[in-house]
> 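The following block contains the structure, expressed as structure tokens.
Residue numbering restarts at 1 for every chain, and letters A, B, ... go by the order of the sequence lines.
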Amino acid sequence: MKTEANAPSKANSRQKNGNHPSGDNRFTMLETSMKKLRYQPDALIEVLHSAQGLFGYLTSDLLLFVAHALKLPPSRVYGVATFYHFFTLEPRGLHSCSVCMGTACYVKGAGSVLAAVEGATGIKDGMTTPDGNLTISTARCLGACGIAPAVVYDGEVAGRQSPEDALEKLNEWEVKNGPE
Amino acid sequence: MTVTTLTINGELVSASPGASVLEAARENGVEIPTLCELEGISSAGACRLCLVEISGTPRLQPACVTAATEGMEVQTDSERLNRYRRMILELLFAERNHICPVCVANGHCELQSRAIENGMDHVRFSYQHPDLSVDITHERFGIDQDRCILCTRCVRVCDELEGAHTWDVAGRGTKSRVITDLNQPWGESDTCTSCAKCVEACPTGAIFRKGSSVGEMEHRRDRIRFIADARKKKEWSP
Amino acid sequence: MSVSENKRRPRIATVWLAGCSGCHMSFLDLDEWLFELAKLADVVYSPVADVKEYPENVDAVLVEGAVANEDNLELIRKVRARTKAVVSFGDCAVTGNVTALRNPLGDPENVLKRAYIEEANTGGRIPSDHPLVPKLLPKVLPVHQVVKVDAFLWGCPPDAARIRAVLEKLLGVEKPAEVDAINPAAGQETAKTKDGE
Amino acid sequence: MDQNELQAIAEKERKSRKPIRVSCCTAAGCLSSNSQAVLDNLRAEVKVAAIDGRVDVCSVGCMKLCSRGPLVRVADGGGRRDQLKDAVLYESVQPDDVAPVIRAIVDGGRADIPVADRSHPFFSRQKPIVLENCGWVEPERIESYIEAGGYRALHYVLREMTPEQVLKEVTQSGLRGRGGAGFPAGVKWALVAKTPSDKKYVVCNADEGDPGAFMDRSVLESDPHRVLEGMAIAAYAVGAAQGYIYIRGEYPLAINRLQTAIRSAKRMGLIGGHIMDSPFDFNVDLRIGAGAFVCGEETALMASIEGKRGAPTPRPPYPAEHGLWGHSTLINNVETLANVAPILRNGADWFASVGTEKSKGTKVFALAGKIRNTGLIEVPMGITLREIVEDMGDGIPDGRVKAVQTGGPSGGCIPTEHLDTPVDYESLAALGSIMGSGGMIVMDEKTNMVDVARFFMEFCMDESCGKCIPCRAGTVQMHGLLQKICDGNATPDDLALLEDLCDMVRHTSLCGLGQTAPNPVMSTLRFFRHEYENLLRKEAILT
């Protein structure tokens, strides 16, 4: 038997808008952007975009802060945050490798590039290596079909990638080989 | 108020004004199989078991959210509909771990009843056997994700009747799960009022009273209907 | 589906794969009807009969249990090849049921670890390989996912009346006993199946 | 803002132009091959060569031939659009190539860099309506759009036409929704117009999600004002005062350019209260998606705009009756709205003269796959697939065409023997595919069609919202069966089960995603059944 998530700390759950007890300035910035959206509950997705932009990922604490500010049930906020691919509840790796799996890239061999990266690291699409060095993800068409297959390394698009090219990049980042 | 007259399975019947096709059928003693629908709360049109054929409409329509209209010709029972319904049931049995003989709701389970009524005697699809959790942190109730069919009755009853909105659906697609608050243990939920409406609403053995043994988990749907009715008709107003 | 067109006496069998034998117990609950059965057909193979090898030319077989290990697999393939009508007999055969509860754990190795080490009270140890202990298959499978199945008799266990009904149908009995819709919890026939209403 | 002021802005813009215009594509395709560095170098080198007095360096949108990016165009002729035909279009320009390009301008002549053949069918067969300004206007400058005739249609509509007349014009043009299904735009508009509702909304669906499609993105990155103008005209016709553009979060550049466009249009009074001094008010806000393909479906899109999980709801009620926050709502996709201004500017008859009987106008495609020329094309409806693939795309470098995939995960694969099919809604549907939003992927003989079907099914499985059972669990099982076939472990029974399942999911799913998810399987089964059968085995083996 197991349970799935950590309980958010109760100390923070009763906070009034703003002034997060942690003193973290980013909460004030989030507060400002929520104010701009007039704390409208229907602005939840915009607010989550801002929150992730500020903090990198969405912790339970942060989701609860947003839920209280927008007067939304916590489960609703959690439901929305986990519905959309863009939001992440886990910290991302230092480096990122995003393989485009659009149709054009796929027919030109993106699948084997992804397989090579997954094979070398022992992690799957959407996961981060245990040492926090690399996150692997896939994208659905970057619009770079002309240079397929495309891979985005740390935000930089590289075209016409082979499995070898990708592995070379991982070496450069000193990504450790994972279990096969 | 004028009634609506329509044809269901070739019989001319009348339905109360504003009735859905499902309600019209029930008023006239015609059974349409359902799973996600529950009297007293809004309909989701999600389980697709109540799909019916309507003359002049190319697509099958869910009876629970389709309004009965004057002159409508409805077919609720056909070889094709039953074939589709059977496949939907098979998909559900294959999706999670439904082990009837050891389930608290054995014999009181709507999924099981629908399968028996439909004659679904085996599942042709490959069982997914996902590794799922059981949460018994709540003092009185438990949730076993193995048995959940994602009908969202718990979400709707908690939101619409209790007003707590403790439940919601997290994730998406086959990774969808019903959760309490921020996907935290139910026992640590800040919003749950322990009203048990979700327990009574659950069609399977997913949400249960602790201490229920195999086959002991009976659902009191009448309680939900009672509260919903009372609210709607303002029976308790001074 | 009936095996009664045969001129000779029908040959029937029962087989026990990965299951608890509860289905066979229910079969034995047919009590005195078993004498009727003996008049209608020869029981040529069964865990309750002392026959070592599954014979050729069997007309119908009731298969209890899921396919969980290599012995099960070998036997069910043999059964299929030598039998006209295969009936999945009980929930383990039909769905995998309790025997398939191990599937979410993944590899057999994990299963053994969970059973013999993690759940052990003291000093757990995985039993060493022994030729007499058949190897577990990667997943427990219902019978129809391994071989073609001709009829399904679900229930945990199916009650005796339903077993009789199936056998009577197979053997072409003219007026089979009537069985109503079934309440799976009670294990007895009841007409009412609607849940909680 | 009135006609004269618009003209004055256009005039001023024209006068400010220098004799030579160097344009560098900074739409996503070229940006991903480093065109920003090329643009920076161009700007710097022009200064170094001291020719900045007679040379403009512009950042423009898509110039179509994405496979040869970054693209740089050098045009003389005083920045006049009609002189463009004599311009030089350099291909694959690297930052180091900038110096020779500038030297060629100084010395006269051409740099020794590959130049695109502008008389090639890839360019000559295009019929630009939606893309008429792409690669010409500077997307971040509203003046540039106004110079190209922008906002004149809106002005005309507000001054000279009643909403009924606008509806009539759009209906007469025969414009159909470019999002995929091809519902007549005029009918949709009229439904919203006649629905009584105290508030109405116009929504631009820019949630382009098909893997292999980047048409809408190119339009938004290259010519964002065109979409705003189309929305404003639609809002006037149906009686809406608020608009939303729902755009994928994966398109940061398009988001950025739209934000700039909305800001500058507001500043000039082309969006906002009393537009062009008329009583008409119309505001536009952006809503940024967060990565969910299903949000391209109307009801899911509305749920997402309302800040909820993007789960579809049963239709009816349609958005026209019960849309955003329960109000009547018009939803059109980017390309549909991008057609609106030209229709009002040139008239319904002009538009209806392009295309076929039932499919009017043009269609933009993102042409990609194993083909020589990949990129953005806009072609008249009715052109054959063969013309697109063999003439414009110039065929496959080493091999032959096996199939053309249209409509992405909701579409199908059209085999080579049907390449003479005209591109229109009905003909593609007759072949079990759909027009779709405009992804067109060419596949060669080496492509495994079962694997293609599996690929699309994996996409649908990942993108299923999970609300209805046929789609949530059905896509998983269909994917499993396809994987089993690909692995060589499936029997004829498995194939039969797959076909039954396709039929069921198609007819029972709640929304378009599930209803069309079996299409790639059914279309490949129809034309490439032998490829499936070749992978089957007689007897089951354990997996």
> For the candidates A:Ile45, A:Thr82, A:Val47, A:Val107, which exhibits the highest count of non-hydrogen atom pairs separated by less than 4.5 Å from chain D?
A:Ile45
> Does any heavy atom of chain A fall under 4.5 Å from the side chain of D:Ala213, the backbone, both, or neither of them?
backbone
> How far apart are the closest heavy atoms of D:Ala290 and A:Phe87, and which atoms are they?
CB-CE1, 3.6 Å
> May I have all residue pairs that pass salt bridge (Lys or Arg N to Asp or Glu O under 4.0 Å) and include part of residues 83-108 of chain A, sequence neighbours excluded?
none
> Working to the nearest 0.5 Å, report the span between CZ of D:Arg287 and NE2 of A:His49.
10.5 Å
> As an exercise, state the distance from CG of D:Asp462 to CG of A:Asp125, rounded to the nearest 0.5 Å.
8.0 Å
> Is A:Met29 atom CE crowded by more than 12 heavy atoms from other residues, nucleotides or ligands, each under 6.0 Å away?
no
> Between D:Ile305 and chain A, which part of the residue has a heavy atom less than 4.5 Å away: side chain, backbone, both or neither?
backbone
> Examine whether an atom of D:Glu208 lies under 4.5 Å from a heavy atom of chain A, and if so say whether it belongs to the side chain, the backbone or both; otherwise answer neither.
neither
> Would you mind checking which part of D:Asn34 comes under 4.5 Å of any heavy atom in chain A, side chain (CB onward), backbone (N, CA, C, O), both or neither?
neither
> Taking the side chain as C-beta and beyond, is there a heavy-atom pair between A:Tyr106 and D:Ile441 under 4.5 Å?
no
> If we only count heavy atoms from C-beta on, is the D:Phe456 to A:Thr103 side-chain gap below 4.5 Å?
yes
> Identify which part of D:Ser67 has an atom lying under 4.5 Å from any heavy atom of chain A, answering side chain, backbone, both or neither.
both
> What distance separates D:Cys295 SG from A:Tyr84 OH, expressed to the nearest 0.5 Å?
4.0 Å
> Could you check which of A:Val152, A:Val157, A:Leu48 has the highest count of heavy-atom pairs closer than 4.5 Å to chain D?
A:Val157
> If you round to the nearest 0.5 Å, how far is CZ of A:Phe83 from NZ of D:Lys308?
13.0 Å
> So do the side chains of A:Arg76 and D:Arg309 get within less than 4.5 Å of each other, counting heavy atoms only?
no
> Looking only at heavy atoms and a cut-off of under 4.5 Å, which of A:Leu72, A:Leu44, A:Val77, A:Val80 has the most pairs with chain D?
A:Val80
> Can you tell me which portion of D:Ser218 sits under 4.5 Å from chain A's heavy atoms? Options are side chain, backbone, both or neither.
neither
> Mind checking what makes ring pair (Phe, Tyr, Trp, His ring centres under 6.0 Å) contact with D:Phe293, not counting sequence neighbours?
D:Phe459
